[in-house]
Number of protein chains: 2
Amino acid sequence: MSFPSGRRIPEAAVVRLPVYLQILGNLADTGVTRFSSDELAALAGVNAAKVRKDLSYLGTYGTRGVGYDVAYLVHQIKRELGLHRSWGVVVVGAGNLGQAIAKFTGFAPRGFPVVAVVDVDARKIGQKVGGLVVAAEADLPHLVRTTDAKIGAITTPPSSAQSAADALVAAGITSILNFAPIVLTTPDSVSVRNVDLCVELQILSFYEQLRLEPGAAVAAAPKVAPNTLKVVPASV
Amino acid sequence: MSFPSGRRIPEAAVVRLPVYLQILGNLADTGVTRFSSDELAALAGVNAAKVRKDLSYLGTYGTRGVGYDVAYLVHQIKRELGLHRSWGVVVVGAGNLGQAIAKFTGFAPRGFPVVAVVDVDARKIGQKVGGLVVAAEADLPHLVRTTDAKIGAITTPPSSAQSAADALVAAGITSILNFAPIVLTTPDSVSVRNVDLCVELQILSFYEQLRLEPGAAVAAAPKVAPNTLKVVPASV
DNA sequence: TGTTGTGAACGCTTTCACAGCT
DNA sequence: AGCTGTGAAAGCGTTCACAACA
């Protein structure tokens, strides 16, 4: 509602900024230094008016008749998303997915180093996973404090996901990426994003089915996903 | 636009149906046979009016003064989402994530068996991953035909993701789950859902930052994510 | 009485269209 | 002339509030 200097970016725009950032990063890598809203729109699969509106929420950084500067816009989007600092990720659950995330080398360079992996299973504790040693879930408060982790990723079986969430919240984590196929119960001050692959597959199957059914047809292009995000004033 | 019998479910509602389905499944497992919109709303973290509207798109299946039947609603949601049949998934890219997906036993029971894993790397071809043998990406057309796969999951490095998408499309796949951090170019007749974990982390960091910045505050609860979905008439 | 189903109001998001700069 | 920035309009999605009904 309120915002430091009256500026406020609509949620719908916030979720598109990382997509623009990615594309602009690719453009920069190929030596492009300037782009127009038309060009970015084509690459992102949206329309130019939306790109201009979205970018206008960041400030007035374009040049009429010319376009936008790639490097400058990358900087501004990063600033807005808080990507000029690093956000440590602690992975809860050292199963297949947890290990895949811990081993993935693509997060750290983009500002999201995996700083710890924990599990409740004594057989997993002490194992090495991608340069980290699996710690006990009970150590979360200590680990979060010492590593300054800011985001928790839940990759446990569904039956342990809620207790994992409770442990993360107790340890002071307020942003959770949940891969378990259950709806977590968390305080309103905690942001949760659900990445339930079954949900994604079910949505795909709905549209695939429309394509298979004779006579069925849809025209619109839905862009939403079943994520939940709760955020309350910082003072609470 | 048009729909067989004039019925049409808004996209925003479609993405919530899998969430309801999951919760109702859990309720059924614990012996619950009836629920009210209030109860489901509390469990799903939405409000009761939304639940009633969403369920009303399926048909008139509730009983005034009483509520809804769990088993019956599960059946109706499954029917709507096309979950009374199985949707084979072919994984392209046998790296950490691809292997984690292939090994995960939670998809098949929910109607999404992983029927094949392919890679371009000759060293990976022939390896066994969760009961499947990694095949060559060049075999995709043949594999899709013989396994009747309907969904493709791209878990390759970003540099190979577009060619993976092209190969899937050429093999006749029209629904793609993309884990690579790039925007895919596909025909309009192909549905793509992007599950870019960096995008999710970046969105989380935006809200985390608001919480850390003194004086910052947001009130609304955004529920959208940067997915793209393109669907065209079945006849095309 | 209790709960659904749903028009109508509201608010957010997208799109249009053009004024304003370069 | 070209492209941005932005009010205003249109389109969706959510919420309200209550009639309908078991």
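Atoms considered below: every heavy atom in the structure, side chains included; atoms not considered: hydrogens, waters and symmetry mates. Naming: A, B, ... by sequence-line order, numbering from 1 per chain.
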- line: Whole-Å distance, Arg34(B) CZ to dT3(C) P, equals 9 Å
message: Let me spell it out: for each of Thr63(B) and Ala13(A), pick the nucleotide of DNA chain C with the closest heavy atom. Which residue's pick is nearer the 5' end?
response: Thr63(B)
field: Spacing between Ile9(A) atom CD1 and dG5(D) atom P, to the nearest angstrom
entry: 14 Å
query: Between atom CG in Leu55(A) and atom P in dT13(C), what is the gap in whole Å?
result: 17 Å
message: Side chains of Arg211(A) and Ser189(B) only: does a donor on one sit below 3.5 Å from an acceptor on the other?
response: no
task: Assign each of Val66(A) and Tyr61(B) to its nearest nucleotide of DNA chain C by heavy atoms, then name whichever residue's nucleotide is nearer the 5' end.
output: Tyr61(B)
message: Does dT4(C) have OP1 or OP2 under 4.0 Å away from a side-chain N or O of Ser37(B)?
response: yes
- line: Among the nucleotides dG5(C), dT14(D), dG5(D), whichever has the atom closest to the side chain of Tyr68(A) is dG5(D)
query: Think Arg52(A) has a side-chain N or O under 4.0 angstrom from the OP1 or OP2 of dG7(D)?
result: no
message: Between Asp148(B) and Lys150(B), does the salt bridge (charged side-chain N to carboxylate O under 4.0 Å, His left out) criterion hold? Intermediate values first, please.
response: CA-CA 6 Å; Asp148(B) 198 31; Lys150(B) 289 279 175 278; 2.8 Å; yes
query: For Gln76(A) and dT4(D), what is the distance between atoms CD and P respectively, to the nearest whole Å?
result: 16 Å
- prompt: Between Asp38(A) (CG) and dC16(C) (P), how many Å, whole number?
  reply: 13 Å
Rounded distance in Å - CZ (Phe35(B)) to C1' (dG2(C)): 16 Å
query: Would you say the side-chain atoms of Asn26(A) and Gln22(A) include a donor-acceptor pair closer than 3.5 Å?
result: no
- prompt: Among dT4(C), dC16(C), dG5(D), which nucleotide sits nearest the side chain of Arg64(A)?
  reply: dG5(D)
- prompt: Is the Tyr72(A) ring parallel, tilted or perpendicular to the Tyr61(A) ring (thresholds 30°, 60°)?
  reply: perpendicular
- request: In whole angstrom, give the distance that lies between atom NZ of Lys53(A) and atom P of dG11(D).
  value: 17 Å
- prompt: Whole Å only: how far is the CG atom of Asp69(B) from the P atom of dT4(C)?
  reply: 13 Å
message: Taking the minimum atom-to-atom distance to the side chain of Ala49(B), which one of dT4(D), dT14(C), dT15(D) wins?
response: dT15(D)
task: Could you tell me whether the side chains of Ser191(B) and Glu208(A) share a donor-acceptor contact shorter than 3.5 Å?
output: no
